[in-house]
S.K.: 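Below is one structure. I have some questions about it.
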Amino acid sequence: MPTLEDIAIKITSLAQLNLTRGYTKAYKTGKLYNNIGSYNTPNRILGKTKLGKKRLSKTKKVDTIEFDLTYNPPGATYGKFVEEGTRYMDARPFAEEAINSPIIESMIDEYMGVYIQDNVMSGIMDELDTMEAEY
C-alpha cells in the first residue's frame, strides 16, 4: 500500500518527468527541473486540515488531505509561465498533468481503500457493537 509520502514523491517525480518529455516538454529544463525536485518535498506537498463544527453538521472533526505541488518554486518562478502559458507561448501544464495522472489516481484509490477498511469500517463495526449491547 502506498503512503501519502509515497504519493507526494511520485507527484514530484512525474512533474519533473513531464518537463523533459511529451507535449509538456520545456526546452531549457535544468533550473526548473532541479528546483521542482528539491523544493517539492513530501512535507511541503502534503497538507492536512481539520474541519471544525461550523463546517460539519456532526460534532466529529474530519481530516482532509491536500496535495499542493508548487510549479514556480523559488529560483525558478518562471515555472508559472511554463505551466500556465503566456500570450506568446502555449501552456505546457507539467504539474497539472502530474497530479491528474492515472498513476496518481490509482495510488490514491489504493490508499483510500485501505484507509476506509482500517478506519471507517472498524468505526462502523464498533458503533454496531455498541448499539447491540444497548438493546
Side-chain angles (χ1 to χ4, degrees):
M1 176 190 90
T3 64
L4 292 174
E5 289 79 19
D6 294 338
I7 297 170
I9 290 168
K10 190 66 172 178
I11 289 172
T12 300
S13 65
L14 285 174
Q16 286 182 301
L17 186 62
N18 289 342
L19 279 170
T20 61
R21 67 180 174 108
Y23 76 96
T24 59
K25 179 180 179 182
Y27 298 105
K28 295 182 179 180
T29 59
K31 192 172 192 178
L32 182 58
Y33 179 88
N34 290 333
N35 288 0
I36 290 288
S38 63
Y39 187 77
N40 288 302
T41 61
N43 291 338
R44 285 193 174 125
I45 291 178
L46 282 175
K48 294 182 182 180
T49 58
K50 288 192 180 272
L51 299 177
K53 291 180 184 177
K54 292 181 181 178
R55 300 266 317 265
L56 294 174
S57 60
K58 298 179 181 179
T59 58
K60 295 182 180 180
K61 293 185 177 180
V62 174
D63 289 333
T64 60
I65 300 166
E66 301 169 349
F67 293 101
D68 184 24
L69 179 70
T70 302
Y71 57 79
N72 59 338
T77 55
Y78 61 90
K80 174 182 179 179
F81 304 117
V82 175
E83 176 74 19
E84 297 175 4
T86 66
R87 68 183 209 190
Y88 300 109
M89 177 182 74
D90 289 337
R92 294 182 299 240
F94 63 93
E96 183 179 341
E97 291 291 323
I99 289 177
N100 294 329
S101 98
I103 296 168
I104 298 301
E105 288 179 8
S106 68
M107 289 176 81
I108 291 172
D109 288 345
E110 185 179 346
Y111 176 82
M112 290 305 296
V114 172
Y115 179 84
I116 289 171
Q117 184 67 31
D118 290 348
N119 297 310
V120 176
M121 294 305 291
S122 65
I124 290 172
M125 296 308 287
D126 292 343
E127 288 288 327
L128 288 174
D129 291 343
T130 304
M131 291 171 80
E132 285 180 1
E134 290 176 0
Y135 294 109

S.K.: Is it true that the side chains of E97 and Y23 contain a donor and an acceptor less than 3.5 Å apart?
M.R.: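 A pair is found: one side chain offers a donor N or O, the other an acceptor, under 3.5 Å apart.
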
S.K.: Under a 3.5 Å distance rule, please check whether T70 uses its side chain to pair with a backbone N or O of N72 as donor and acceptor.
M.R.: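 Pair absent, no side-chain N/O of T70 close to backbone of N72.
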
S.K.: Supply the atom-to-atom distance E84 CD to M89 CE, rounded to the nearest 0.5 angstrom.
M.R.: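 The CD atom of E84 sits 10.0 Å away from the CE atom of M89.
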
S.K.: Give a yes or no answer on whether the side chain of T12 reaches the backbone of N40 with a donor-acceptor pair at less than 3.5 Å.
M.R.: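 Answer holds: yes.
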
S.K.: Test of understanding: clusters of I, L, V, M, F, W, Y form through side-chain heavy atoms closer than 4.5 Å, transitively. Do L4 and L69 belong to the same one?
M.R.: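 In one cluster: yes.
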
S.K.: Looking at I36, is its backbone amide N or carbonyl O close enough to the side chain of Q16 to form a donor-acceptor pair, meaning the two atoms are under 3.5 Å apart?
M.R.: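 Not at all, since once roles are kept as given, no pair shorter than 3.5 Å links the two residues.
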
S.K.: Which heavy-atom pair separates P42 from A8 by the least distance, and what is that distance?
M.R.: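 For P42 and A8, the tightest heavy-atom pair comes out as CA-CB, 3.9 Å.
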
S.K.: Any link between L32 and F81 through a network of hydrophobic side chains (Ile, Leu, Val, Met, Phe, Trp, Tyr) touching at under 4.5 Å?
M.R.: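 The answer is yes; both residues are in one hydrophobic cluster.
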
S.K.: Rounded to the nearest 0.5 Å, what separates atom NZ in K10 from atom CD1 in I45?
M.R.: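 Between K10 NZ and I45 CD1, I get 13.0 Å after rounding to 0.5 Å.
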
S.K.: Once rounded to the nearest 0.5 Å, what's the spacing between atom OG1 of T41 and atom CZ of R44?
M.R.: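 One gets 5.0 Å once the value is rounded to the nearest 0.5 Å.
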
S.K.: Check whether Y39 reaches the backbone of Y71 with its side chain - one donor and one acceptor, N or O, closer than 3.5 Å.
M.R.: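 It does not hold such a pair.
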
S.K.: Without swapping roles, check the side chain of D6 against the backbone of T3 for a donor-acceptor pair under 3.5 Å.
M.R.: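 It does hold such a pair.
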
S.K.: Is there a path of hydrophobic side-chain contacts, each under 4.5 Å between heavy atoms, that joins I65 and I9?
M.R.: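 Per the 4.5 Å side-chain linkage, I65 and I9 are not co-clustered.
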
S.K.: Search all heavy atoms of A98 against all heavy atoms of A15 and return the closest pair with its distance.
M.R.: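 Closest pair (atom of A98, atom of A15, distance): CB-N, 3.5 Å.
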
S.K.: If I compare all heavy atoms of V114 with all of M1, which pair ends up nearest, and what's the gap?
M.R.: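 Minimum heavy-atom contact is CG1-SD, 3.0 Å.
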
S.K.: Can you check whether F94's main-chain N or O pairs, donor with acceptor, with E83's side chain at less than 3.5 Å?
M.R.: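 It does hold such a pair.
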
S.K.: Other residues, nucleotides and ligands only: do more than 12 of their heavy atoms fall within 6.0 Å of CG on D90?
M.R.: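 12 or below, so no.
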
S.K.: Between R92 (side chain only) and G85 (backbone N and O only), is there a donor and an acceptor less than 3.5 Å apart?
M.R.: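 No, because the side chain of R92 does not come within donor-acceptor range (under 3.5 Å) of the backbone of G85.
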
S.K.: Mind checking whether I99 and I104 have side chains closer than 4.5 Å, heavy atoms only?
M.R.: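 Counting from C-beta outward, I99 and I104 never come under 4.5 Å.
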
S.K.: Check for a donor-acceptor pair, side chain of T77 on one end and backbone N or O of P74 on the other, with a separation under 3.5 Å.
M.R.: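 No, because the side chain of T77 does not come within donor-acceptor range (under 3.5 Å) of the backbone of P74.
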
S.K.: For the atom pair CG (L46) and CD1 (I11), what is the distance rounded to the nearest 0.5 Å?
M.R.: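 The CD1 atom of I11 is 8.0 Å from CG of L46, to the nearest 0.5 Å.
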
S.K.: Can you measure from CD (E105) to CG (N100) and round to the nearest 0.5 angstrom?
M.R.: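 Rounded to the nearest 0.5 Å, the CD-CG separation comes to 6.5 Å.
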
